[in-house]
Trainee: 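Input: one structure, supplied below.
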Number of protein chains: 2
Amino acid sequence: MQVHLSAIVAPMPTPSDTTVEAWTAMVSASRRVLERVEGALKAAGLPPLSWYDALLEIERAGKPGIRPFALRERLLLPQYGTSRLIDRIERDGLIEKLACDDDGRGFLVRITAEGRRVRRRMWPVYGKVLAEGFENTASAEQLETLARLCRRIASAG
Amino acid sequence: MQVHLSAIVAPMPTPSDTTVEAWTAMVSASRRVLERVEGALKAAGLPPLSWYDALLEIERAGKPGIRPFALRERLLLPQYGTSRLIDRIERDGLIEKLACDDDGRGFLVRITAEGRRVRRRMWPVYGKVLAEGFENTASAEQLETLARLCRRIASAG
DNA sequence: CCCATCTAGATGCAATTGCATCGAGTATGC
DNA sequence: GCATACTCGATGCAATTGCATCTAGATGGG
């Protein structure tokens with residue numbers, strides 16, 4: 001039996017079938033749910049999902065607001081994406097930009113009353129799709145397992 | 001204690017914390033791996049991941065080729081997305097369009113030698129990221145579980 | 001055969017994303 | 001205090017995506 005040196009020195013870069021199965025299933029699942037969520041939001045005349053995530057984080061930051069770079073970290077968005085998302089949401093009056101005292105380069109983003117209202121209207125639409133997709137399908141225990149595995153993969157390098 | 005009728009008649013549309021945890025973990029994981037894959041492909045001077053998926057399906061279809069609508073079903077892409085993806089890949093010479101005898105509206109898509117070569121070069125780059133993300137992180141058994149849960153969620157409605 | 005209807009695929013236009021780069025402000029070292 | 005490096009955020013431009021609509025060919029009655 002011949003053994004290639006590369007197989008000993010370095011691990012094969014080729015993933016197992018099981019890995020590929022898991023990966024494709026994960027991508028399909030998240031894409032499908034994402035499509036359903038976006039579709040439901042649009043059908044209800046509401047903004048896209050990215051606005052929900054941003055509004056939620058901004059609302060959580062409360063009265064003092066949040067810096068764009070901090071928002072970027074939470075949303076895992078590229079810097080320019082964050083910048084433009086903030087612009088669009090602001091143009092719609094759901095958030096406002098506040099001068100930042102201790103750093104002249106940046107500013108703070110705070111949610112407006114209208115922003116809170118819109119986020120609240122989005123939640124049941126969003127949540128309904130999630131509940132349908134997940135809770136009719138898997139037990140709480142299975143969902144915990146799923147979450148744990150996904151978190152590990154997300155932080156793996 | 002007051003109970004709202006809606007809580008009895010229809011299930012609450014609000015998902016459990018566990019559901020939300022699983023969902024956000026799943027989205028983060030797939031987005032992170034996707035970013036890594038796209039980054040690795042770009043760093044290697046190779047086309048984006050969407051091309052890989054398309055090339056793989058087209059290659060699998062073999063000599064007779066595959067109709068765009070069939071490709072669309074497999075890739076879960078919108079119709080216009082498929083149409084344009086085919087255009088771009090064709091412009092690069094990795095696939096070719098063949099007249100379709102039994103349906104004058106459409107055509108068949110077939111991979112070229114160059115297309116096969118490019119797909120083969122993409123695989124180790126793609127696969128390496130998958131192997132790192134999944135196999136260093138979870139056992140085969142866990143990956144099976146992950147795949148099973150994700151498949152169920154993908155097909156749930 | 002002819003019309004109505006349906007399916008396959010393309011495309012104009014607007015919105016979004018990706019990439020590179022820029023401008024302004026801050027922090028550091030001297 | 002000042003030059004240098006760094007961080008924050010914006011933006012021009014090209015590529016991609018989403019949406020609506022369109023054309024050509026197929027299909028199914030009458």
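Here is how names work: the chains are called A, B, and so on, in the same order as the sequence lines, proteins then strands, and each is numbered from 1. Side-chain atoms are counted along with the backbone in the values below, which use heavy atoms only and exclude waters and symmetry mates. This one's a predicted model, so the numbers in the text were calculated from it and none came from an experiment.
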Trainee: Around atom CZ of R74(A), are there more than 12 heavy atoms from other residues, nucleotides or ligands closer than 6.0 Å?
Mentor: no
Trainee: Is it possible for you to say whether L76(B) and M26(A) belong to one hydrophobic cluster, with membership spreading through side-chain heavy-atom contacts below 4.5 Å?
Mentor: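 Different hydrophobic clusters.
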Trainee: In terms of the nearest nucleotide of DNA chain D, which residue is placed more toward the 5' end: Y80(A) or P48(B)?
Mentor: Y80(A)
Trainee: Treat each ILVMFWY residue as a node, draw an edge where side-chain heavy atoms are under 4.5 Å apart, and state whether L46(A) and L94(A) are in one component.
Mentor: yes
Trainee: Ignoring hydrogens and angles, does a donor from either the side chain of R84(A) or the base of dG9(D) sit under 3.5 Å from an acceptor on the other?
Mentor: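 Flag unset: no donor-acceptor pair detected.
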Trainee: Has the side chain of Q79(B) got a donor or acceptor atom sitting under 3.5 Å from an opposite partner on the base of dA10(C)?
Mentor: yes
Trainee: State whether a side-chain donor-acceptor pair under 3.5 Å links T112(B) with E96(B).
Mentor: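 No, no side-chain donor-acceptor pair sits under 3.5 Å.
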Trainee: Counting only heavy atoms not in R120(A) (residues, nucleotides, ligands), do more than 12 fall under 6.0 Å from its CZ?
Mentor: no
Trainee: Indicate, yes or no, whether a donor-acceptor pair under 3.5 Å links the base of dG23(C) to the side chain of R105(A).
Mentor: no
Trainee: In this structure, how many angstroms lie between the P atom of dT17(D) and the CD1 atom of I86(B), rounded?
Mentor: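 Going from CD1 in I86(B) over to P in dT17(D) covers 14 Å.
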Trainee: Please determine if a side-chain N or O atom of S83(A) lies less than 4.0 Å away from the OP1 or OP2 oxygen of dA10(D).
Mentor: yes
Trainee: When you measure from the side-chain N and O atoms of K42(A) to the phosphate of dA15(C), is any distance below 4.0 Å, counting only OP1 and OP2?
Mentor: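 The answer is no; no side-chain N or O of K42(A) sits under 4.0 Å from OP1 or OP2.
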Trainee: What's the CD-C1' distance between E38(B) and dT16(D), to the nearest Å?
Mentor: 12 Å
Trainee: Is it the case that the side chain of R119(B) and the backbone of Y52(B) share a donor-acceptor pair, with hydrogens and angles ignored and the cut-off at 3.5 Å?
Mentor: no
Trainee: Considering every strand and a 4.0 Å limit on heavy-atom distances, what is the contact class for G106(B): base, sugar-phosphate, or nothing?
Mentor: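 Sugar-phosphate: the residue G106(B), judged by heavy atoms under 4.0 Å, touches backbone atoms but no base.
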Trainee: Separation of F107(A) atom CZ from dG23(C) atom C1', in whole Å?
Mentor: 15 Å
Trainee: On the nucleotide dA10(C), are OP1 or OP2 found under 4.0 Å from the side-chain N or O atoms that K97(B) carries?
Mentor: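 Checking K97(B) against dA10(C): at least one side-chain N or O falls below 4.0 Å of OP1 or OP2.
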Trainee: In this structure, how many angstroms lie between the P atom of dT17(C) and the CG atom of L49(A), rounded?
Mentor: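 After rounding, the reported distance stands at 12 Å.
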Trainee: Nearest heavy atom decides the nucleotide; on that basis, is T82(A) or R91(B) closer to the 5' end of DNA chain D?
Mentor: T82(A)
Trainee: Please state how far atom CD in E35(A) lies from atom P in dC19(D), giving the value in whole angstrom units.
Mentor: 10 Å
Trainee: Which sits closer to the 5' end of DNA chain C, W51(A) or D103(A), going by the nucleotide each is nearest to?
Mentor: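 On the 5' side of the pair lies W51(A).
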Trainee: More than 12 non-hydrogen atoms from neighbouring residues, nucleotides or ligands closer than 6.0 Å to CZ on R151(B), yes or no?
Mentor: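 Check passes, neighbour count above 12.
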Trainee: Listed in order of residue number, which residues of residues 64-78 of chain B have a non-hydrogen atom at under 4.0 Å from DNA chain C?
Mentor: R67(B), P68(B), F69(B)
Trainee: Can you check the D92(A) CG to dT16(C) P distance for me, whole Å?
Mentor: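 For the pair D92(A) CG and dT16(C) P, the rounded distance is 10 Å.
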Trainee: Tell me the interatomic distance from R88(B), atom CZ, to dT11(C), atom P, rounded to whole angstroms.
Mentor: 14 Å
Trainee: Please give, in whole Å, the distance from dA10(D) C1' to D87(A) CG?
Mentor: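 Those two atoms, CG and C1', are 8 Å apart.
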Trainee: Hydrophobic clusters here meaning ILVMFWY residues chained together by side-chain heavy-atom distances under 4.5 Å, can you tell me if I111(A) and L56(A) are in one?
Mentor: yes
